[in-house]
Amino acid sequence: MRAIGRAILNFCQKADMFLLGTCLLATGYGMVLISSAGRALEGGAEPLLIKQAAACGLGVVLFIIFSLIDIQLYTHLWKWLIGFNIGFIALLFPFGEGEKGNPSWLRFSFLPFDIQPAEVVKVSFVILLAFHMYMLRDKLNQFWPMMSVVAHVGGMVGLILLASEDLGVAFIYVFAFVCMAVAAGVRFWWFLAAGLLGAGSIPIVWQLLSDRRRLRLLSFFSQDADPTGLGWQLRQSKIAFIRGDLWGLGLYNGPQTQSDIIPEQYNDFILSAAGEELGFLGSLLVLGLLLVIIFRVLWMATKANNGYGAMICAGMAGILIFQTFENIGMCIGLAPIIGVTLPFFSYGGTSLISMYAAMGIVSSIKMRPMPSWIRDRGR
């Protein structure tokens, strides 16, 4: 028993318990909001809360496991990671299920929640891409090495779009890559060239999008583009924020939230529940907790014992940054509605478990900091 106690104490001293604690606070706050937003559903909020609590418990276990694994192990498993990333997404072609033409999910009767492969793979994608970029660190600004990295990212994004048309998750992958490229010291002209290329390809991409995807983007510019669908969802979300004002109407007292008038409010639009019932201050607390997590991950990037760890932290931060600000933006009409969850707050087992696993990898980097003699030499 003493040995077990010492092992637990040693883990708590070395692992990033501050990061874990903040993630648990965010999850707890999110479950309070889910309990309110899910009350009007058939069956109430209890089934959602049970599944979310189970996902949180499994997530904490994965946080501990990944904290104990040295990230250098992944450098020996890169071939397996390639196979996993491609193979897991490819399962969507024969087995993908979902609503409204978005087959992003794998459903198994023995699991309490569905699995979204792209949510899981985004973690292993960052690990593998960080290794790829680290191996090319001295040549990364040269044409062919950079093209190999772009092909890596483009291949995964293309596979996701072909398998599920999940534009939101695809953007997460791209933004994570951008953050990692910044951390790796990629020169500005590469970003400029990518921006110009992206702008020039908009007409081509637009023609390839399904009608539903076009409606998602058009609703950002005009709610009348899809008045009974995404336009309705955004309009009701804005009403919820306006009603909440500074202090909110009180938990379980928001007319929009308690009437189930906002589709997917317990999921993608969970922030509107906070805005209506807990007001601007309640929404600000949501943002504050997520910013603490983001800055903690970025701070860990500066403490990594090599560039590989730093790029992993940058990629994980990129995931958090994009999902946080895209989700907030689409809830208040400042970003298109592309189905991105709010990390640690939105209902969703796969998303929650994946984020705890990602934070466990960051904790692993914290447990193995840069030696002091290296830090001193760099001063």
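Quick note: residue numbers are just sequence positions, from 1.
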May I ask you to decide if V340's main-chain N or O and N327's side chain share a donor-acceptor pair within less than 3.5 Å?
yes

CH2 (W78) and CG (N85) are apart, to the nearest 0.5 Å, by 13.0 Å

Report the residue from Q236, K238, E277 that forms a side chain to side chain donor-acceptor pair (under 3.5 Å) with Q256.
Q236

For residues L92 and P117, determine if any side-chain heavy atom of one lies less than 4.5 Å from a side-chain heavy atom of the other.
yes

Would you name the heavy atoms of T350 and D114 that are closest together and state the gap between them?
OG1-O, 2.9 Å

Please examine the side chains of C23 and M355, heavy atoms only from C-beta on, and report whether any two atoms are closer than 4.5 Å.
no

So, the side chain of S237 versus the backbone of S272: is there a donor-acceptor pair under 3.5 Å, distance only?
no

So, the side chain of S36 versus the backbone of L33: is there a donor-acceptor pair under 3.5 Å, distance only?
no

For residues I115 and F88, determine if any side-chain heavy atom of one lies less than 4.5 Å from a side-chain heavy atom of the other.
yes

For T75 and Q72, indicate whether the former's side chain and the latter's backbone hold a donor-acceptor pair under 3.5 Å.
yes

Residues, nucleotides or ligands: over 12 heavy atoms within 6.0 Å of E46 CD
no

Given F11 and M17, is the side-chain contact (heavy atoms from CB on, under 4.5 Å) satisfied, shown in steps?
CA-CA 9 Å; F11 175 82; M17 301 308 291; 4.2 Å; yes

Report the relative orientation of the aromatic rings in F322 and F175; use parallel for angles under 30°, tilted for 30 to 60°, perpendicular for over 60°.
tilted

Counting C-beta onward and ignoring hydrogens, is there a side-chain heavy-atom pair between M359 and V297 closer than 4.5 Å?
yes

Can you find a side-chain donor-acceptor pair between D268 and Q233 that sits under 3.5 Å?
no

Does CZ in F171 sit with more than 12 non-hydrogen atoms of other residues, nucleotides or ligands closer than 6.0 Å?
no

CZ (R107) and CZ (F95) are apart, to the nearest 0.5 Å, by 15.0 Å

Hey, are T257 and Q265 close enough side-chain-wise for a donor-acceptor pair under 3.5 Å?
yes

Decide whether L140 and W144 are clustered together by the hydrophobic rule: side chain heavy atoms of Ile, Leu, Val, Met, Phe, Trp, Tyr closer than 4.5 Å, transitively.
yes

Note: P94 and A90 closest approach over all heavy atoms is CD-O, 3.3 Å

Contact between I89 and M156 at the side-chain level, heavy atoms closer than 4.5 Å - yes or no?
yes

Could you state the interatomic distance from CE (M180) to SG (C313), rounded to the nearest 0.5 Å?
10.5 Å

Tell me whether W190 shares a hydrophobic cluster with L192, the cluster being built from Ile, Leu, Val, Met, Phe, Trp, Tyr side chains joined at under 4.5 Å.
no

Least distance between heavy atoms, C331 atom then F241 atom:
O-CE1, 3.6 Å

Is there a donor-acceptor contact under 3.5 Å linking the side chains of S35 and Y252?
yes

Applying side-chain contact (heavy atoms from CB on, under 4.5 Å), run through L41 and L48 and close with a yes or a no.
CA-CA 10 Å; L41 298 175; L48 302 179; 3.7 Å; yes

Check whether L249 and W247 end up in the same hydrophobic cluster, where Ile, Leu, Val, Met, Phe, Trp and Tyr are linked by side-chain heavy atoms less than 4.5 Å apart.
no

Is the shortest heavy-atom distance from the side chain of E264 to the side chain of Y266 under 4.5 Å?
yes

How many angstroms lie between NE2 in H152 and CG in L129, if you round to the nearest 0.5 Å?
5.0 Å

Who pairs with D260 by salt bridge (charged side-chain N to carboxylate O under 4.0 Å, His left out), at least two apart in sequence or on another chain?
none

Whether Y173 and F125 hold their rings parallel, tilted or perpendicular, with breakpoints at 30° and 60°
tilted

Are the aromatic rings of F344 and Y356 close, with centres under 6.0 Å apart?
yes

Check whether I50 and V32 end up in the same hydrophobic cluster, where Ile, Leu, Val, Met, Phe, Trp and Tyr are linked by side-chain heavy atoms less than 4.5 Å apart.
no

Please give me the minimum heavy-atom distance between I312 and I71, naming the atom from each residue.
CD1-CD1, 4.2 Å

Using every non-hydrogen atom in the two residues, find where G349 and A55 come nearest and quote the distance to one decimal.
CA-CB, 3.7 Å

Got a second to check how far I69's CD1 is from S363's OG, nearest 0.5 Å?
11.5 Å

Side chains of S354 and Q116, heavy atoms from C-beta outward: is any pair under 4.5 Å?
no

Please set out all donor-acceptor pairs under 3.5 angstrom arising from side-chain atoms of residues 281-296, sequence neighbours excluded.
unit_1, atom_1, unit_2, atom_2, d
S283, OG, G275, N, 3.4
S283, OG, G279, O, 3.3
R296, NE, D16, OD1, 3.2
R296, NE, D16, OD2, 3.0
R296, NH2, D16, OD1, 3.0

Just to verify, what does R39 make a salt bridge (charged side-chain N to carboxylate O under 4.0 Å, His left out) with, not counting sequence neighbours?
none

Is there a side-chain contact between C179 and M316 (heavy atoms, below 4.5 Å)?
no

Nearest heavy-atom contact between S67 and R368 is O-NH1, 3.2 Å

Taking the side chain from S351 and the backbone from E119, do they hold a donor-acceptor pair closer than 3.5 Å?
no

Rounded to the nearest 0.5 Å, how far does CG of L271 lie from CZ of F269?
10.0 Å

Distance-only, no hydrogens or angles: does the Q52 side chain make a donor-acceptor pair with backbone N or O of G348 under 3.5 Å?
yes

Step by step, would you call V186 with N141 a side-chain contact (heavy atoms from CB on, under 4.5 Å)?
CA-CA 6 Å; V186 173; N141 282 296; 3.9 Å; yes

Same apolar cluster (I L V M F W Y, side chains within < 4.5 Å links), L73/L81:
yes

Taking it one step at a time, do K51 and Y347 satisfy side-chain contact (heavy atoms from CB on, under 4.5 Å)?
CA-CA 9 Å; K51 291 180 180 180; Y347 170 76; 3.2 Å; yes

